[in-house]
Amino acid sequence: MMGAKWIKVSVFYLLIVFAFGLFMHYTVQLQWKTTHAHIGVVGWLTTGFIGLIYSTYKEAAETGLAKAQFWLYNIGLPFLFVGMMMVYLDVPRWLFELFVSGGGIAVALSVLLFFVNVFKYVR
């Protein structure tokens with residue numbers, strides 16, 4: 001069940017990355033390219049791959065570590081992406097740093113939990 005949640009979230013990011021790419025293309029606002037790439041790689045590919053791992057190793061998917069990882073990742077990632085976009089907007093530096101740092105730390109902690117969970121429960 002946890003694997004399916006990750007895969008569904010990843011498909012949502014696939015939709016976002018294509019829509020964002022079309023927006024960038026048609027408005028010729030290419031300054032967003034780094035955020036676009038991160039949405040594709042971290043949002044779609046990484047999230048989907050985690051979903052495939054948890055679909056294959058169901059014991060690992062049902063742990064408290066997996067649940068904590070899911071929420072840290074999926075709350076932190078949108079903050080990270082919004083913060084990355086704020087770099088190009090007229091917002092106070094402390095605000096985008098708060099979003100990038102807060103979101104980035106949450107995602108990094110989530111990846112650490114994933115690492116521990118995989119090495120503990122994937123056999």
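Starting from 1, each residue takes its place in the sequence as its number.
Summarising the geometry of Gly3 relative to Ser55, their closest heavy-atom pair is CA-OG, 3.5 Å, with the distance given to 0.1 Å. Taking each heavy atom of Ala66 and Ala60 in turn, the nearest pair found is CB-O, 3.4 Å. Residues Val100 and Gly83 approach most closely at CG2-C, 3.3 Å, considering heavy atoms. Residues Thr35 and Met84 approach most closely at OG1-CB, 3.5 Å, considering heavy atoms.
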Q.
Please evaluate residues Glu62 and Met1 with respect to the criterion side-chain contact (heavy atoms from CB on, under 4.5 Å), reporting the C-alpha separation (whole Å), side-chain torsions for both, the decisive distance (0.1 Å), and the verdict.
A. CA-CA 8 Å; Glu62 298 308 319; Met1 182 158 156; 4.3 Å; yes
**Q.** Residue pair Val107, Leu72: steps toward the side-chain contact (heavy atoms from CB on, under 4.5 Å) verdict
**A.** CA-CA 6 Å; Val107 172; Leu72 268 173; over 6 Å; no
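Note: the hydrophobic cluster containing Ile53 also contains Trp71 (ILVMFWY, side chain heavy atoms under 4.5 Å, direct or indirect links). Both Phe12 and Leu77 are assigned to one and the same hydrophobic cluster, defined by single-linkage of ILVMFWY side chains at heavy-atom distances under 4.5 Å. There is no path of hydrophobic side-chain contacts, each under 4.5 Å, that joins Val118 to Leu112. When the side chains of ILVMFWY residues are joined at heavy-atom separations under 4.5 Å, either directly or via intervening members, Leu89 and Trp94 end up in a single hydrophobic cluster. Leu30 is not connected to Tyr26 by any chain of hydrophobic side-chain contacts under 4.5 Å among Ile, Leu, Val, Met, Phe, Trp and Tyr, and they are in different clusters.
One finds the OG atom of Ser101 at 9.5 Å from the CZ atom of Phe96 (value rounded to the nearest 0.5 Å). Atoms CG and OG, from Leu15 and Ser10 in turn, are 11.5 Å apart once rounded to the nearest 0.5 Å. To the nearest 0.5 Å, the span separating OG1 on Thr47 from CZ on Phe70 amounts to 9.0 Å. To the nearest 0.5 Å, atoms NZ (Lys5) and CD1 (Ile50) are separated by 14.5 Å. Remark: Ile16 CD1 to Phe81 CZ distance equals 8.5 Å, nearest 0.5 Å. In this structure, OG1 in Thr63 is found 8.0 Å from CE in Met2, a value given to the nearest 0.5 Å.
The side-chain heavy atoms of Phe99 and Leu80, taken from C-beta on, include no pair separated by under 4.5 Å. Contact check for Gln31 versus Met24: no side-chain heavy atoms found under the 4.5 Å cut-off. Using a 4.5 Å heavy-atom cutoff, the side chains of Val42 and Tyr13 are not in contact. Here the side chains of Tyr73 and Thr46 are in contact, with some heavy-atom distance below 4.5 Å. You'll find the side chain of Val116 reaches within 4.5 Å of the side chain of Leu65, heavy atoms only.
Side chain of His36 to backbone of Val17: a donor-acceptor contact under 3.5 angstrom is found. The backbone N or O of Leu52 lies less than 3.5 Å from a partner atom in the side chain of Thr56, making a donor-acceptor pair.
Between Phe23 and Phe20, the angle of the ring planes stays under 30°, which puts this pair in the parallel group of the 30/60° scheme.
The local environment of OH in Tyr57 is sparse, with at most 12 non-hydrogen atoms from other residues, nucleotides or ligands closer than 6.0 Å.
No donor-acceptor contact under 3.5 angstrom links the side chains of Tyr54 and Glu59, judged on distance only.
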